[in-house]
Amino acid sequence: MFMSEQRAISEDHILIKSINKGNYKAFEQVFRKYYPILCAYAHRFVDKEDVEDIVEECMVWLWEKREVVTINTTLSQYLFSMVRHRSLNFLTRKGIAEKAASWYFMTLKENSREDIDHYALEELRNRIQEGINALPESYRNAFVMHRFHGMSYKEIAEINNVSAKTIDYRIQQALKLLRKHLSDYLPVEIVALIMVFMQDFS
C-alpha cells in the first residue's frame with residue numbers, strides 16, 4: 001500500500017471517530033470528499049434523476065446513526081457498499097429486480113480491478129461459500145457436484161447409490177437454503193436471480 005493511501009485511510013479513520021462524537025464539520029468534510037464519486041457510482045445502477053436522492057439518503061443515514069455506526073472496512077468501501085445496496089433496493093422497489101441483478105454482476109465483473117468492486121465480489125463469494133458450507137452434507141455434495149463440476153443428476157446418483165430423483169430433491173433443497181442465507185444480504189427478488197449466475201463462482 002502506498003504512503004498516500006495509508007494517509008488517506010488514517011485521515012478517514014479520524015473523520016469517522018469525529019463523526020461518532022457528533023462533529024458536524026468532520027461530516028461535512030466526508031460529504032464533500034465522497035459525494036461526487038458516490039453519485040458517479042450510483043449512476044451505474046440508477047437513472048440520473050435518482051442518483052442524488054440515493055447518495056443523500058446514505059449520507060443522512062451516516063449522520064443520523066453517527067453514535068452507533070461501526071465501520072470494519074475502509075470508509076470508502078463502506079460508503080460504496082451502502083450506495084450499491086440502496087441503489088439495488090431502489091430498483092427492486094420499482095419492480096425491476098432483473099435490471100438490479102444484471103447491473104450488480106456487470107459492475108463486479110467489469111470493475112474487478114477496483115478495490116470496492118473487488119471487495120464486493122469477495123464479500124458475495126464469501127456469503128455464498130458460507131451458505132454452501134452450512135448445507136447438510138448430502139445436499140452440499142449434490143449441489144457442488146452439479147453446479148461446480150458440471151455433473152448430471154444421473155452421474156451424481158450413480159456415485160451416491162441413490163436415484164436421480166433423490167439428487168434432484170437434494171439440489172432443490174440446497175437452493176432453498178442458499179436463497180434463505182442470501183436473503184439477509186440482498187433483496188429477496190435479486191437472490192432468486194443470483195442462482196442463475198452460481199456457475200460464475202466455481
Side-chain angles (χ1 to χ4, degrees), residues 1-2 4-5 7-16 18-19 24-66 69-128 179 182-201:
M1 182 180 295
F2 297 108
S4 58
E5 293 176 326
R7 186 163 52 250
I9 292 173
S10 179
E11 289 174 353
D12 282 349
H13 181 72
I14 293 172
L15 285 172
I16 284 300
S18 297
I19 291 173
Y24 192 74
K25 288 186 178 179
F27 171 75
E28 288 183 325
Q29 190 172 341
V30 169
F31 190 98
R32 288 194 300 269
K33 180 178 181 180
Y34 286 103
Y35 186 82
I37 193 170
L38 290 174
C39 285
Y41 185 70
H43 191 32
R44 300 180 183 183
F45 302 91
V46 302
D47 294 331
K48 185 176 181 180
E49 60 267 25
D50 300 315
V51 163
E52 292 189 359
D53 287 342
I54 288 173
V55 175
E56 286 172 6
E57 284 178 9
C58 291
M59 301 306 287
V60 169
W61 185 93
L62 179 65
W63 176 250
E64 290 180 342
K65 302 295 183 180
R66 61 189 178 278
V69 67
T70 301
I71 298 178
N72 297 317
T73 62
T74 64
L75 177 58
S76 63
Q77 288 174 339
Y78 187 87
L79 292 174
F80 274 91
S81 180
M82 192 191 311
V83 168
R84 183 177 65 253
H85 284 299
R86 283 185 179 262
S87 296
L88 295 176
N89 284 333
F90 173 82
L91 290 175
T92 300
R93 289 196 303 271
K94 290 185 69 175
I96 33 183
E98 184 173 357
K99 180 179 179 181
S102 175
W103 270 109
Y104 184 88
F105 282 95
M106 188 188 310
T107 54
L108 290 180
K109 290 179 180 179
E110 290 182 352
N111 301 286
S112 59
R113 295 180 182 178
E114 297 179 15
D115 289 342
I116 179 60
D117 289 327
H118 176 73
Y119 172 81
L121 180 57
E122 286 303 311
E123 184 181 6
L124 179 58
R125 280 175 172 160
N126 289 338
R127 292 274 183 164
I128 292 174
R179 287 190 187 100
L182 290 173
S183 66
D184 293 332
Y185 173 60
L186 289 172
V188 67
E189 294 89 345
I190 298 176
V191 170
L193 291 168
I194 284 177
M195 295 300 130
V196 178
F197 297 90
M198 285 297 294
Q199 291 89 338
D200 294 337
F201 297 93

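Scope of the values below: all heavy atoms of this structure, side chains included, with no hydrogens, waters or symmetry mates.
No side-chain heavy atom of D53 sits less than 4.5 Å from a side-chain heavy atom of F90. The shortest side-chain heavy-atom distance between F80 and I37 falls under the 4.5 Å cut-off. Contact of the W61 side chain with the M82 side chain is registered, since non-hydrogen atoms from C-beta on lie closer than 4.5 Å. Between V30 and L79, some side-chain heavy-atom pair lies under the 4.5 Å cut-off.
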Derivation and outcome, side chain to side chain contact (heavy atoms under 4.5 Å, CB included), residues I16 and R66: CA-CA 8 Å; I16 284 300; R66 61 189 178 278; over 6 Å; no
Derivation and outcome, side chain to side chain contact (heavy atoms under 4.5 Å, CB included), residues L75 and Y34: CA-CA 10 Å; L75 177 58; Y34 286 103; 3.7 Å; yes
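Here the CD-CD distance, from E57 to E52, works out to 12.5 Å after rounding to the nearest 0.5 Å. Here the CD atom belonging to E28 is positioned 10.5 Å from the CD1 atom belonging to I19, to the nearest 0.5 angstrom. A distance of 7.0 Å separates NZ in K33 from CG in L15, rounded to the nearest 0.5 Å. To the nearest 0.5 Å, atoms CD (E56) and SG (C39) are separated by 7.5 Å. Of the inter-residue distances, the one linking I54 atom CD1 with D47 atom CG reads 9.5 Å to the nearest 0.5 angstrom. Separating the NZ atom in K25 from the OG atom in S18 is a distance of 12.0 Å, to the nearest 0.5 Å.
The closest donor-acceptor contact from the side chain of S87 to the backbone of V83 lies under 3.5 Å. With hydrogens and angles ignored, the 3.5 Å screen pairs a side-chain donor or acceptor of H43 with a backbone N or O of V46.
Separation of the F31 and W63 ring centroids does not fall under the 6.0 Å cut-off.
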